[in-house]
**Student:** 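This structure is in structure tokens; I'll ask about it shortly.
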Amino acid sequence: MTLIDRINTPGCGCDDAVTHLMTVSDAVEAGLALADPIEEIETVPLQQARGRILAAPILARADMPRFDNSGMDGYALCLDELPQTQVLPVQGESAAGAPTPTLERGTMMRIFTGAPVPIGADTVVMQEHVSRDGKFARITKIPAKGSNIRRAGEDQKTGDVLLDAGVVLEPKHIAICAGAGQGHIPVLRKLRVGVILTGDELCAAGDGLTDGAIWDVNTPMLLALLDDIHADLVAVEHVPDTKSRLLTATVEMSWKVDVIITSGGVSVGDRDHVKPMLQSLGAHVAVSGVAIKPGKPITVSKLANSVVISLPGNPVSAFVTWQVLGRPIAAKIAGQTQNMQPRRHVHARGGVQHKTGRCEYRPASIVGYDPRGLEVVACPPQTRSANLSPLTNADGLILIPGNIEHVPEGDLLEFLPF
Ligand code: AMP
Ligand code: MG
């Protein structure tokens with residue numbers, strides 16, 4: 001079988017095409033370089049650890065299993081003591097939670113799943129292979145010696161490192177921690193985030209719209225995306241489209257949070273105050289304009305101890321640039337060290353047309369599998385950064401390299417699931 005590399009993108013192609021913009025990979029690198037991981041540690045009960053980032057490795061507190069125990073309901077015996085008749089008297093019982101009993105020579109013992117294997121027994125016969133007659137039992141199918149016994153320490157040994165620091169604790173990790181006997185978990189303090197919304201035209205979804213107003217998509221969308229990464233949302237502010245109000249809000253927010261997300265106003269129009277504001281404040285602007293479609297104006301900077309991620313106002317641009325740049329930067333600050341940008345290979349049904357220049361991240365939905373088992377995705381022939389409908393059924397974004405006009409059906413494409 002030929003294995004395809006998990007992901008090996010030679011470059012997104014935008015390097016050749018749009019010289020005055022930063023490539024996506026350079027922008028990600030420059031953004032990540034601004035991100036200093038949180039160091040403050042707190043301890044939480046295991047039940048509250050889901051979604052938190054592990055601050056120290058998790059070690060097994062004991063051998064697991066702790067003692068040899070039965071993997072089946074059945075009968076424990078020493079196989080060499082089984083006579084040719086395959087019949088033995090049954091004496092005693094070993095149940096889960098009870099101390100380890102001792103098997104009398106020349107007998108079998110009733111045993112239940114999880115119960116300690118009696119001293120002197122080397123095999124458990126499942127009860128389906130035993131015919132019981134009062135005090136005696138006959139084995140109808142002799143198992144191999146050692147069958148149906150879960151050995152002490154076969155899963156983990158005392159002191160084994162089971163999870164590394166930097167892991168985001170998912171339900172499977174909670175199970176590992178519980179199995180290791182760890183009831184309290186050292187985690188990094190939560191990422192503190194503030195959102196600053198710009199746009200005089202914006203009203204909260206649900207409010208009535210006056211002439212010229214539109215519903216604010218980005219705030220609820222960003223709040224949901226932040227909830228996804230278990231961030232601590234410190235403040236959300238909607239500022240009028242003036243530089244002074246934006247500046248004040250940004251400075252005040254920077255005292256309280258690790259990450260400021262601004263929405264809108266990052267382009268080059270007269271009403272776009274984000275970049276001039278960052279300049280006035282002397283922020284260290286590491287990313288300003290990226291060869292990405294949608295979301296070209298995305299800007300990433302550092303102001304005092306906060307990283308400012310300035311997303312474009314068009315909702316799809318904001319969504320895409322969050323997935324490609326914002327999320328990994330936030331994850332790094334939060335202390336995550338693994339699986340920062342999950343990606344995989346897919347094929348696109350019917351191939352993909354694309355206007356060369358910037359590399360494009362286009363919403364795509366998984367529609368099936370090709371004969372080799374690779375996922376096949378479908379995507380719209382084109383998208384607009386203001387139109388949300390392509391997100392409805394999307395499972396992720398495909399990356400269409402900037403220098404490629406047509407991706408033929410069957411060619412591998414990089415896919416960012418969300
Ligand atoms: P801007 O990035 O501020 O120039 O905005 C670009 C476009 O996105 C404009 O059409 C805005 O009305 C729209 N827009 C900006 N912010 C939002 C938002 N929060 N929700 C929906 N549309 C927005
Ligand atoms: Mg605006």
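These numbers come from a predicted model, not from an experiment. Whatever order the structure lists ligands and atoms in, that order sets their numbers, starting from 1.
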**Student:** Under 3.5 Å, is there a donor-acceptor pair between the Ser263 and Asn218 side chains?
**Tutor:** yes
**Student:** For Gly313, counting its heavy atoms only, list the atoms of ligand 1 lying under 4.0 Å from any of them.
**Tutor:** 2 (O), 5 (O), 8 (O), 14 (N), 15 (C), 16 (N), 17 (C), 22 (N), 23 (C)
**Student:** For ligand 1, which atoms sit closer than 4.0 Å to a heavy atom of Asp216?
**Tutor:**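 Answer for ligand 1: 18 (C), 19 (N), 20 (N).
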**Student:** Could you tell me, atom by atom, which parts of ligand 1 come under 4.0 Å of a heavy atom of Pro315?
**Tutor:** 21 (C), 22 (N)
**Student:** So which heavy atom in the protein is nearest atom 22 (N) of ligand 1, and how far is it from that ligand atom?
**Tutor:**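 Protein heavy atom at minimum distance: Ile214 CD1, 3.5 Å.
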**Student:** Any side-chain heavy-atom pair from Ile298 and Leu311 closer than 4.5 angstrom?
**Tutor:**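 Yes, their side chains come closer than 4.5 Å.
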**Student:** Would Arg110 and Gln127 count as having a side-chain donor-acceptor pair, cut-off 3.5 Å?
**Tutor:** yes
**Student:** Just by distance, do the side chain of Asp68 and the backbone of Val117 share a donor-acceptor pair under 3.5 Å?
**Tutor:**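 The answer is no, because no donor-acceptor pair under 3.5 Å joins these two groups.
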**Student:** When you compare the side chain of Tyr361 with that of Lys293, does any pair of heavy atoms fall below 4.5 Å?
**Tutor:** no
**Student:** Would you mind listing which atoms of ligand 1 come within a distance below 4.0 Å of any non-hydrogen atom of Gly265?
**Tutor:**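 What qualifies from ligand 1 is 1 (P), 2 (O), 3 (O).
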**Student:** With backbone taken as N, CA, C and O and side chain as the heavy atoms from C-beta onward, which portion of Pro297 lies under 4.0 Å from ligand 1: side chain, backbone, both, or neither?
**Tutor:** neither
**Student:** Going by the atom numbers of ligand 1, which of them fall below 4.0 Å from some non-hydrogen atom of Asp272?
**Tutor:**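 Per the distance check, 4 (O).
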**Student:** Using a 4.0 Å cut-off to any heavy atom of Leu197, which atoms of ligand 1 qualify?
**Tutor:**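 Heavy-atom distances to Leu197 below 4.0 Å select 19 (N).
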**Student:** Between Asp26 and Thr23, is there a donor-acceptor pair closer than 3.5 Å when you use the side chain of the first and the backbone of the second?
**Tutor:** no
**Student:** Starting from atom 10 (O) of ligand 1, which protein heavy atom do you reach first, and at what distance in Å?
**Tutor:**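 Of every protein heavy atom, Asn314 OD1, 4.2 Å lies nearest to atom 10 (O) of ligand 1.
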**Student:** Counting each atom of ligand 1 from 1 as listed, which ones have a heavy atom of Trp215 under 4.0 Å away?
**Tutor:** 20 (N), 21 (C)
**Student:** Report yes or no: do Thr158 and Asp63 form a side-chain donor-acceptor pair below 3.5 Å?
**Tutor:**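 Per modelled atom types, Thr158 and Asp63 side chains form a pair under 3.5 Å.
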**Student:** Just jot down the ligand 1 atoms closer than 4.0 angstrom to any heavy atom of Gly264, in number order.
**Tutor:**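 What qualifies from ligand 1 is 2 (O), 3 (O).
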**Student:** Is there a donor-acceptor pair closer than 3.5 Å between any side-chain N or O of Asp258 and the backbone N or O of Arg192?
**Tutor:** yes
**Student:** Which pair of non-hydrogen atoms, one from Met221 and one from Ala318, has the smallest distance, and what is that distance?
**Tutor:** CE-CB, 3.8 Å
**Student:** Nearest to atom 20 (N) of ligand 1, what protein heavy atom do you find, and at what distance?
**Tutor:**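 Here the nearest protein heavy atom works out to Val217 N, 2.9 Å.
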**Student:** What is the nearest protein non-hydrogen atom to atom 11 (C) of ligand 1, stated with its residue, atom name and distance?
**Tutor:**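 Checking every protein heavy atom, the shortest distance to atom 11 (C) of ligand 1 gives Glu201 OE2, 3.0 Å.
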